[in-house]
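A, B, ... follow the sequence lines: proteins, then strands. Residue 1 opens every chain.
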Protein chains: 2
Amino acid sequence: MDGRAHAGGPGLRGRFRAQVRDEIKQVALRQLADGGPQALSLNAVAKVLGVSGPALYRYFANRDALLTDLVVDAYRDLAAACEAATAGAWKDPADRLRALAKAYRAWALEEPHRYRLLFRAPLYGYDAHSEPLVQASQIAMNVAVEVLEGIAAEGPVAGGELEAPLAEWAAGRGMPGAAAVIAVRATTLWARLHGLVSLEIEGNFASMGLDPTPLYEGEITNLLTTPPA
Amino acid sequence: MDGRAHAGGPGLRGRFRAQVRDEIKQVALRQLADGGPQALSLNAVAKVLGVSGPALYRYFANRDALLTDLVVDAYRDLAAACEAATAGAWKDPADRLRALAKAYRAWALEEPHRYRLLFRAPLYGYDAHSEPLVQASQIAMNVAVEVLEGIAAEGPVAGGELEAPLAEWAAGRGMPGAAAVIAVRATTLWARLHGLVSLEIEGNFASMGLDPTPLYEGEITNLLTTPPA
DNA sequence: CGTACTAGTTATAACTTCTAACATACGCAT
DNA sequence: ATGCGTATGTTAGAAGTTATAACTAGTACG
């Protein structure tokens, strides 16, 4: 309880700590890229970094903590990529939605191991969505919501059974203005994109010898012409 | 190279072998149910079965071989459940499609660990879809194709860019009659179901506090009213 | 009835995660 | 400038994993 600065603070030591954490995650990502989550070994990471085994436990409580951190980072990265692709001014909001879908797919294809990480129950023993993970996943949803809001604010105001819980959810996220319709469309969009991307990166389309690009276009067009709600 | 019967044949020894393999898989599934693929340990399985460690290697080449077997079984089970739910005579083929979606979702919710197994790259080092796995996954597709064939044989004959490869794929599967439209709809159906189911079993909907049932209904209805192609 | 093959055993190597006990070195406040 | 205290790294080791090797016992089949 003395006035000394601890490692969590912004002191020199804290900065070094953050830097090492990043280095560890970088190496871990490389190991994860070839071999999947199974192949991520703290020991191997330590060896690459030139330190010996248990040193890493000063930076991450355990292997799962490192994985969870990677998941959160991945959610942020995906959301950032989608935001970047949809930023700026757009004549046709429909084009903006298409750009969002394209960016989502592109990110997943570029780093399939990280995308896979997102949807694997992060800690099989724990609650599937512990707090930080829920928050991280919502970042991605926010982008979808924002893009869809620009498309059809004039859409049907919805009277479906989903309205109540979705309106509540929207309110809880600080966007009480967002109608339930938007939320329905956002989740539908997310589910469609995830379905296609997931099948694509697992090779299910490739094994059938077909390029799924038209399927993506079809789903987006469908969402634009006959939106749910 | 003598005339003796080997363990693979239908002899007494072969039957015993098959039975033990099944027992192993059963115990493995139980371990997999709580703890995920990470928690599946051959040693632990052996201990449960009352045999000691390396004995299991007489029945499965390695841990991944066992996992692959479980994946194939899961594909067959899922397909069987969908077939059973759509068997018999149906007045309205649309209802049959709804029954298919319901069965697909129900199976996944009943055994999320097995569903997760399906879409996890089975052997990270190998080709994502080695031959037996591709075959197994096609079983599930066949059900979707068959159901969709009954719905709108009169649908638009499709002139999209997907027609050529899909027709080829259909022909290669011994259903040259199936138009490319059907294949497009089948893959779209599969992707939509998988997207929703995947988000549901990972808790993404639950974390938002909403029941995705209407989303399923919406997607199926949409597929019926404005089918892709 | 004997042979050849199978199914089990133990021992062992090379890994893994993670804890404990200990040494060092460095930043911070005095 | 100097020393305290913390953070960081080290080695040792426990308990677990996959997987191989060498060996033993049993049994189905010709």
Side-chain angles (χ1 to χ4, degrees), chain A residues 1-24 27-28 31-32 35-70 122-126, chain B residues 1-25 27-28 31-32 34-70 122-126:
Chain A
M1 272 311 195
D2 53 10
R4 301 207 170 203
H6 288 209
L12 288 185
R13 229 153 174 171
R15 296 201 179 281
F16 177 69
R17 187 177 175 78
Q19 190 176 333
V20 174
R21 273 178 71 99
D22 272 3
E23 260 181 83
I24 294 173
V27 175
Q31 309 240 355
L32 205 132
Q38 304 260 3
L40 173 57
S41 152
L42 289 192
N43 251 353
V45 170
K47 194 177 286 182
V48 169
L49 290 180
V51 300
S52 242
L56 299 193
Y57 287 84
R58 300 287 181 191
Y59 298 91
F60 293 94
N62 51 34
R63 190 178 172 279
D64 280 336
L66 172 56
L67 270 177
T68 302
D69 235 61
L70 292 180
L123 306 176
Y124 275 100
Y126 300 34
Chain B
M1 273 307 197
D2 53 11
R4 302 208 170 202
H6 288 209
L12 288 184
R13 229 153 173 170
R15 295 200 180 282
F16 178 68
R17 188 178 174 78
Q19 190 177 332
V20 174
R21 274 179 69 99
D22 272 3
E23 260 181 84
I24 293 173
K25 291 202 273 186
V27 176
Q31 310 242 353
L32 205 132
D34 39 34
Q38 304 260 3
L40 173 58
S41 151
L42 289 192
N43 251 355
V45 171
K47 194 176 288 184
V48 169
L49 290 179
V51 299
S52 241
L56 299 193
Y57 287 84
R58 300 286 180 190
Y59 298 92
F60 293 94
N62 50 36
R63 191 176 171 281
D64 279 337
L66 172 56
L67 270 178
T68 301
D69 235 62
L70 292 181
L123 308 175
Y124 276 100
Y126 302 33

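- Between the P atom of C:dG27 and the CZ atom of A:Phe16 lies a distance of 10 Å, rounded to the nearest Å.
- A:Leu66 places none of its side-chain heavy atoms less than 4.5 Å from the side chain of A:Arg63.
- In this structure, CZ of B:Arg63 is placed 22 Å from P of C:dA14, rounded to the nearest angstrom.
- Going from atom NZ of A:Lys47 over to atom CG of A:Leu56 covers 12.5 Å, rounded to the nearest 0.5 Å.
- Looking at heavy-atom distances under 4.0 Å, A:Leu66 makes no contact with the nucleic acid at all.
- Nearest-nucleotide mapping onto DNA chain C: of B:Val20 and A:Leu42, the residue sitting toward the 5' end is B:Val20.
- Nearest to the side chain of B:Asn62, among C:dC18, D:dA19, C:dT16, sits D:dA19.
- For residues 49-60 of chain A, proximity to DNA chain C is found at A:Pro54, A:Tyr57, A:Arg58, defined as any non-hydrogen atom under 4.0 angstrom from a strand atom.
- Between the CG atom of B:Leu67 and the P atom of D:dT18 there is a distance of 11 Å, given to the nearest Å.
- Checking the phosphate oxygens (OP1, OP2) of D:dT8, a side-chain nitrogen or oxygen of A:Arg17 falls inside 4.0 Å.
- The side chain of B:Ser41 places an N or O atom within less than 4.0 Å of a non-bridging phosphate oxygen (OP1 or OP2) of D:dT18.
- Going from atom CG of A:Leu40 over to atom C1' of C:dC18 covers 15 Å, rounded to whole Å.
- Across the protein-nucleic acid pair, B:Gln38 atom CD and C:dT16 atom C1' stand 12 Å apart, rounded to whole Å.
- Side-chain atoms of A:Leu67 and A:Leu32, non-hydrogen and from C-beta on, do get closer than 4.5 Å to each other.
- Taking atom CD on A:Gln19 and atom C1' on D:dT8, their separation rounds to 15 Å, with Å as the unit.
- If you take CG on A:Leu70 and CZ on A:Phe60, they are separated by 7.0 Å, rounding to the nearest 0.5 Å.
- B:Asn43 places its CG atom 13 Å from the C1' atom of C:dT10, with the value rounded to the nearest Å.
- Counting all heavy atoms, side chain and backbone alike, A:Ala28 lies closest to A:Leu40 at CB-CD1, 3.7 Å.
- The interatomic distance linking A:Ile24 (CD1) with D:dT8 (P) rounds to 10 Å, in whole Å.
- Between B:Ser52 and B:Ala46, the shortest heavy-atom distance links the atoms C-CB, 4.3 Å.
- A:Arg58 contributes no side-chain N or O that, together with a main-chain N or O of A:Arg17, makes up a donor-acceptor pair within less than 3.5 Å.
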